[in-house]
Amino acid sequence: MAQTGPNLYLVGFTGTGKSTVGRSVSVQLGYQFFDSDHEIERLHGRTIAQIFTEEGEPAFRELERKYIEEQHPANGCVIACGGGLIVPDGMLELLHSRGVVLCLHATLETVIERTARSVHRPLVSGEDRETKVRDLYARREAIYRRAGTTILTDQRPIREITAHVLRVFQREAHDWTAKNS
Ligand code: S3P
């Protein structure tokens, strides 16, 4: 049965496991699951790569903002957020006003390995991928660090990561509800 309660926003760098973990957590919570990249592709009928090529990154960031502002349910869902979604000013605050924000983290070696065959990540594909990943992470590290409680996903079974996320979410959802009701 569908449950209600504050949303859970999973943020973090590309390749940290947000979609896999998010899906697994949503099943345990009885929440709906959404992946912001897939939702944006569905809503706009184009792939992320097409949006980047045809309209550029700022236009994609605006679609991400719109999705968070008005295109998903206000509660009862887990949302795996695209890696750059929290980068523009105000986005992190917006997420915190809508629910619990947890940040997934993996080493850059893991990220490089996990994103090797990806076709929907224009910022870290093509030539010299490894340098692109490292540069992008260096530019964003500070924002991920202040995003929310960080949960490591390196070399841990999905079941263990799911249990960890659920524990932290339950505690933070309680605090979030007390603060926002
Ligand atoms: C991006 C990460 C991608 C996707 C887009 C841009 C980023 O999502 O939103 O390619 O700026 O880091 P994932 O975090 O799911 O890879």
Side-chain angles (χ1 to χ4, degrees), residues 7-26 32-72 77-92 94-95 98-154 158 161-162 165:
N7 281 348
L8 167 58
Y9 297 93
L10 289 179
V11 303
F13 197 41
T14 192
T16 51
K18 293 164 292 187
S19 301
T20 310
V21 173
R23 204 169 279 114
S24 166
V25 168
S26 72
Q32 286 180 276
F33 173 74
F34 299 102
D35 176 308
S36 68
D37 287 339
H38 292 166
E39 288 304 292
I40 288 168
E41 290 185 330
R42 185 181 65 78
L43 287 162
H44 302 280
R46 279 176 303 162
T47 65
I48 304 289
Q50 281 172 325
I51 298 169
F52 267 76
T53 312
E54 291 163 15
E55 294 179 46
E57 183 176 345
F60 175 68
R61 299 298 170 206
E62 272 313 304
L63 298 182
E64 290 188 310
R65 182 185 298 274
K66 190 161 179 218
Y67 178 71
I68 295 300
E69 276 174 350
E70 56 192 62
Q71 294 176 320
H72 70 288
C77 57
V78 175
I79 292 112
C81 298
L85 184 144
I86 60 167
V87 173
D89 281 351
M91 287 300 283
L92 191 51
L94 179 62
L95 289 187
R98 307 232 141 192
V100 173
V101 182
L102 301 181
C103 185
L104 300 190
H105 180 81
T107 62
L108 289 184
E109 287 67 31
T110 299
V111 167
I112 288 160
E113 196 185 299
R114 284 184 186 161
T115 57
R117 282 168 296 282
S118 165
V119 291
H120 71 282
R121 294 173 167 119
L123 295 178
V124 294
S125 52
E127 305 244 307
D128 208 2
R129 246 173 37 76
E130 194 169 325
T131 307
K132 286 181 187 165
V133 169
R134 291 185 190 283
D135 288 353
L136 193 61
Y137 184 74
R139 288 204 299 277
R140 293 180 178 172
E141 185 172 1
I143 191 152
Y144 294 130
R145 282 189 187 279
R146 67 179 184 85
T149 302
T150 297
I151 291 166
L152 305 181
T153 64
D154 265 305
I158 181 76
I161 304 166
T162 302
V165 169

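Since the structure is predicted, the reported quantities are computational estimates derived from the model, not experimental observations. Both ligands and their constituent atoms are indexed starting at 1 by order of listing.
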Minimum-distance protein heavy atom relative to atom 10 (O) of ligand 1: His120 O, 3.1 Å

Less than 4.0 Å is my threshold; does some heavy atom of Arg61 fall inside it relative to ligand 1? yes

Please list the nearest protein heavy atom to atom 14 (O) of ligand 1 with its residue and the distance rounded to 0.1 Å. Lys18 NZ, 2.5 Å

Between Ile112 and Arg134, is a side chain to side chain contact (heavy atoms under 4.5 Å, CB included) present by the stated rule, with each step listed? CA-CA 9 Å; Ile112 288 160; Arg134 291 185 190 283; 3.9 Å; yes

Any side-chain heavy atom of Glu62 within less than 4.5 Å of one from Glu55? no

Does the Arg114 side chain pair with the main chain of Thr14, one donor and one acceptor, at a distance under 3.5 Å? no

Just need the protein heavy atom nearest to atom 2 (C) of ligand 1, so name the residue and atom and give the distance. Gly83 N, 3.4 Å

Restricting to non-hydrogen atoms, name the atom on Ser19 and the atom on Phe33 that form the minimum distance, rounded to 0.1 Å. O-CZ, 3.6 Å

With a 4.0 Å cut-off on heavy atoms, is Arg140 in contact with ligand 1? yes

With heavy-atom distances below 4.0 Å as the criterion, list the atoms of ligand 1 near Gly82. 8 (O), 9 (O), 14 (O)

So if I count the atoms of ligand 1 from 1 in the order they appear, which ones are less than 4.0 Å from some heavy atom of Phe60? 9 (O)

Any N/O of Ile48 closer than 3.5 Å to an N/O of ligand 1? no

Quick one, Val11 and Leu85 - any side-chain contact, counting heavy atoms below 4.5 Å? no

Quick one, Arg140 with Phe13, criterion side chain to side chain contact (heavy atoms under 4.5 Å, CB included). Give me CA distance, side-chain angles, the key distance, then yes/no. CA-CA 8 Å; Arg140 293 180 178 172; Phe13 197 41; 4.0 Å; yes

Who's the nearest protein heavy-atom neighbour of atom 9 (O) of ligand 1, and how far? Asp37 OD1, 2.7 Å

Among Val101, Leu92, Leu94, exactly one meets side-chain contact (heavy atoms from CB on, under 4.5 Å) together with Ile86. Which residue is that? Leu92

